[in-house]
Amino acid sequence: MASETNNFARTQVLLQLAGNHKSENITPQTTSSYYNSNCFNDRIMRDKLPKEIYKKLRASIRRGEKLDMSIADAVAHAMKEWALSKGVTHFTHWFQPQTGLTAEKHDAFIEVDEEGEVIERFRGEQLVQGEPDASSFPSGGMRSTFEARGYTMWDPSSPAFIIEGPRSNILCIPSVFISYTGDALDKKTPLLRSIQALSNSALRILRLFGNETANRVITTAGIEQEYFLVDKTFFNLRPDLRITGRTLIGAEPPKGQQMEDHYFGSIKERVLAFMQDVEFELYKLGVPTKTRHNEVAPHQFEMAPIFSEVNVATDRNHLTMEVMKKVANRHGLAVLLHEKPFAGVNGSGKHNNWSIADSEGNNLLDPGKTPEENLQFLVFLIAVLHSVYYYGDLLRASITSANNDHRLGANEAPPAIMSVFLGTQLSAILDSIKAGRSARVTAENIFDLGISNLPPVLRDYTDRNRTSPFAFTGNKFEFRAIGSSSSVSLPNVMLNTAVADSLDLLGAEIEKELAREKDLKTAVMVVLRKHIRDTEPIRFDGNNYSEEWEQEAARRNLPNIKNTAYALDALVAPKNVDMLMRQKVFTRSEIESRYHTKLEQYIKTLEIESETLANMVDIWVVPAAVAYQARLIKVVRGLADLAGLTPGLSYKSELELLSVVTAAVETIRAKREELMRALLKSESIEDLSKKAKFIADHVVPLMSEVRKPADELEHLVADDLWPLPRYSEMLFMM
Ligand code: ADP
Ligand code: MG
C-alpha cells in the first residue's frame with residue numbers, strides 16, 4: 001500500500017499543521033519608541049547635518065530641484081556615521097527596474113589605505129551616483145547590448161533606510177536608474193517627471209484663482225494592499241504556486257466564500273502574529289501602516305498605510321511587499337501577492353487612493369468652504385473626469401498584466417471598462433451646472449447650484465461604490481483596478497500626466513474666456529459646463545459588475561478591452577504618445593520600451609504558466625489518475641472473478657467509475673497536446689504584439705480546457721492518491 005501512497009507529503013503537512021504556530025512572548029513597546037529607527041528621515045538629517053547643508057538639502061527636496069553637488073559629501077558622511085552606529089556594513093542604490101519590483105547591488109563601505117588597513121568610507125559621489133551592470137536589466141530594446149550601461153542616481157525626496165541582514169545591515173538609497181544617453185530605464189524616473197508635470201499644471205490653475213503663495217503641488221497616495229496567506233508547506237508542495245504564484249489547477253472546495261463570513265472577521269492568531277511582525281518591521285522603516293483586516297475570500301487580508309507623497313508612497317509599497325515576503329517566511333507562511341491565486345474565489349487588488357495638495361497642505365480635491373474655493377475644486381474634479389474620459393485606455397494599459405487579466409471583469413473586481421463614480425450629490429451638482437444658464441453666472445446662481453455648501457454635505461456623505469474602478473471618495477479618488485502584485489508606479493505616472501494635461505487644457509480655455517473680458521466665475525463656469533457635457537459618458541454610479549453596464553458602456557463607446565495583449569496597444573496610440581511627450585514624462589523611445597517590456601512580460605508569463613501546467617499534468621495529475629485506474633482495474637477484475645462464484649454480483653459502478661476516469665485522462669492528455677502545439681506555434685511569431693495576441697486568443701483558452709479535466713480528476717481520484725494540496729486545505733487550514 002505504501003508504494004501507492006504518493007500523497008505522503010501532503011498528509012504529513014496536515015498532521016503537522018496543528019502544532020505549527022508558536023508565538024513568542026515579546027514585551028509590547030509603544031510604536032513611537034522605535035518608529036523610524038531604521039529610516040534616515042528629516043529629523044535625523046536635521047540633527048546630523050550642519051545647519052546650512054540641511055537647509056540647502058531641504059530646499060532642493062521641497063522644491064523638487066536637483067541636488068547641489070557641493071553638499072553631497074557632507075550628507076554622505078552624516079549618513080555613513082548614522083548607518084555605522086546601526087550595524088551597517090554595506091550600502092546599495094535601491095532602484096526599480098522595469099521588470100521586477102526592486103533591485104539592489106551591495107557595496108561595502110570599506111576602502112584600503114596605504115598600509116593595507118581597512119577604513120570605512122562613503123564619499124558624496126558614491127551617495128549620488130552608482131553604476132550597476134545594467135546589461136541584464138530589460139530595456140525593451142532601448143539600448144543595444146554594446147552600450148548597455150546605465151547608472152543609478154540618489155533620489156533625495158525618498159528617505160534612505162536600513163534593511164536588516166542576518167549578520168550585518170544594509171543602507172538602501174532610493175535611486176533612479178537611467179542610461180548614459182539620459183533615457184529612463186526604471187519606474188521611478190517617469191514618476192518623478194509626472195509629479196513635476198502635475199505640479200506645473202496645477203499651479204497654473206491656482207494662480208488663476210489668485211493663489212500666489214503655493215510654490216509646488218504634490219500628489220498624495222494611500223495604497224491599500226490585499227494578499228493571501230497559506231501555509232508554506234502547502235505552498236512548497238504546489239509547483240504552480242512556487243513557479244507562477246497562482247494555482248493552475250485545483251478543484252473548488254464545497255465551502256468557498258459563499259458564506260461571506262471572513263470579511264472583517266476576527267483575525268486568527270497565527271495571522272495576527274504575522275501582521276504584527278510585518279508592522280514592527282515597517283514601523284522601523286518609517287512606513288506608517290495603519291489598518292489591517294480580513295478580506296472577502298478565506299485567507300485573504302488587507303493592510304493600508306497612512307497616505308503620503310506619491311513617490312514616497314510608491315517606495316513604501318514596494319518595501320511593504322518585500323517585508324511581507326520576508327516575514328511570512330519566518331512564520332512558515334507564504335504570502336501570495338498574485339492577483340488571482342485561486343480560481344472561483346476573489347482575487348487581490350491594490351487600491352490607489354489619490355489626491356493632490358498644494359505646498360501649504362491644502363487638499364485640492366477637497367471641496368472648499370467658500371463658493372470660490374468650490375469652483376476651484378470643480379476645476380480639478382472636471383480635469384480628472386476629462387483625463388479618465390480621454391485617456392481611460394492609457395490608464396487601463398497602465399494596470400494591465402497577465403495576472404490582472406484573471407481579475408478585471410471577473411464579477412469581483414472592477415471591469416476592464418474605465419468609468420468614474422462621483423456619488424449622487426456631486427452628480428446632481430454637475431447635472432445642474434450642465435443644465436444651467438451659461439451666459440450670466442453670478443455669485444447667486446453659483447449658490448443656487450449648491451456649490452456654496454458642498455463641504456459639510458459631501459464630507460459626511462457615505463455614498464460608496466465598491467464596484468467602480470475609479471471612485472470619488474469625498475476628498476480623493478480611489479483607483480481600484482490596480483493588481484495586487486504590481487507596482488503602483490506606472491498607474492500613478494499615467495494618472496498624474498493625464499490630469500496635468502487636462503488641467504493645462506482647462507487652464508488655457510479659462511484664460512481664453514478671461515481674455516474675452518469675462519469675470520473669473522463666468523469664465524470658469526463656461527468652461528466647466530462644456531466639459532461636464534463632453535465627459536458625461538465616463539460617469540457611472542451603478543453596479544460596474546453587471547452585464548447591463550457592459551451593454552450600456554458599449555452604447556457609450558467606452559473601450560472594454562479584456563486582455564493585456566490588446567490593452568497594451570494604448571501605450572503606443574498616437575494620441576497618448578503625443579500627450580506623454582507634450583508633458584515631458586516619456587520620450588517616444590521610452591514609452592515604446594515600456595510597451596515592449598510589458599509585451600515580453602505577458603508572453604513570458606503565459607509561456608511559463610503553460611509549461612508548468614503541462615508538466616503538472618504529466619508528472620502529478622496523470623500519474624495519480626493512473627494509479628487510481630490501476631486500483632479500480634484490480635477491483636473490477638476481482639469482482640469479475642467473484643461473479644462466477646456469486647451469481648448476480650454486479651461491478652457496474654466500478655466499471656463506470658473506471659471509464660469516467662479513463663475518459664478524463666484521455667481528455668487531459670489531448671488538451672495538453674493541443675496547448676503545447678499552440679505554444680509552439682506562438683514561438684514562430686516574430687512580432688511581439690502579434691505573438692501576445694495569438695497567445696491571448698489561442699493559448700489562454702486552452703489552459704482552461706486543460707484545467708477542466710484536471711479539476712474533475714481531483715474530485716474522482718481517491719484522496720490518498722492525490723498529491724497536490726487542495727483548495728479546501730490551503731484556504732481553510734493554518
Ligand atoms: P476606506 O477607503 O477603507 O474607507 P479611507 O478612506 O480612510 O479608507 O482611506 C483609505 C486610504 O486612503 C488610506 O491609506 C488613507 O491614508 C488614504 N487617504 C486618505 N486621504 C488621502 C489623500 N488626501 N490622498 C491620498 N490618500 C488618502
Ligand atoms: Mg478604500
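For ligands, and for the atoms within them, numbers begin at 1 and follow the listed sequence. One is the number of the first residue; the rest follow in order along the sequence.
Taking a cut-off of under 4.0 Å to the non-hydrogen atoms of I306, the atoms of ligand 1 that pass are 16 (O). Less than 4.0 angstrom separates some heavy atom of P305 from each of these atoms of ligand 1: 13 (C), 14 (O), 16 (O). If you number the atoms of ligand 1 from 1 as listed, the ones under 4.0 Å from a heavy atom of T220 come out as 22 (C), 23 (N), 24 (N), 25 (C). Of all the atoms in ligand 1, the ones that sit under 4.0 Å from a non-hydrogen atom of N363 are 23 (N). Close contacts of ligand 1 with S355, meaning ligand atoms under 4.0 Å from a residue heavy atom, involve 22 (C), 23 (N), 24 (N).
For I223, no nitrogen or oxygen atom sits less than 3.5 Å from a nitrogen or oxygen atom of ligand 1, counting backbone and side chain alike.
Taking 4.0 Å as the cut-off, H351 does not count as a neighbour of ligand 1 on heavy-atom distance.
The heavy atom nearest to atom 5 (P) of ligand 1, considering only K476, H293, E224, E478, is found in K476.
Within a 6.0 Å radius of CD in E360, more than 12 heavy atoms belonging to other residues, nucleotides or ligands are found.
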message: The test is ring-ring contact (aromatic ring centres under 6.0 Å, His included); show your working for F228 and F301 and say whether it passes.
response: CA-CA 6 Å; F228 279 86; F301 311 93; 8.1 Å; no
query: Taking it one step at a time, do E164 and K284 satisfy salt bridge (charged side-chain N to carboxylate O under 4.0 Å, His left out)?
result: CA-CA 10 Å; E164 291 169 9; K284 283 191 281 184; 3.1 Å; yes
Pair Q96-D186, side-chain hydrogen bond (donor to acceptor under 3.5 Å, both in side chains): steps then yes or no: CA-CA 5 Å; Q96 298 147 25; D186 65 345; over 6 Å; no
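Aromatic pair F161/W94: ring centres closer than 6.0 Å.
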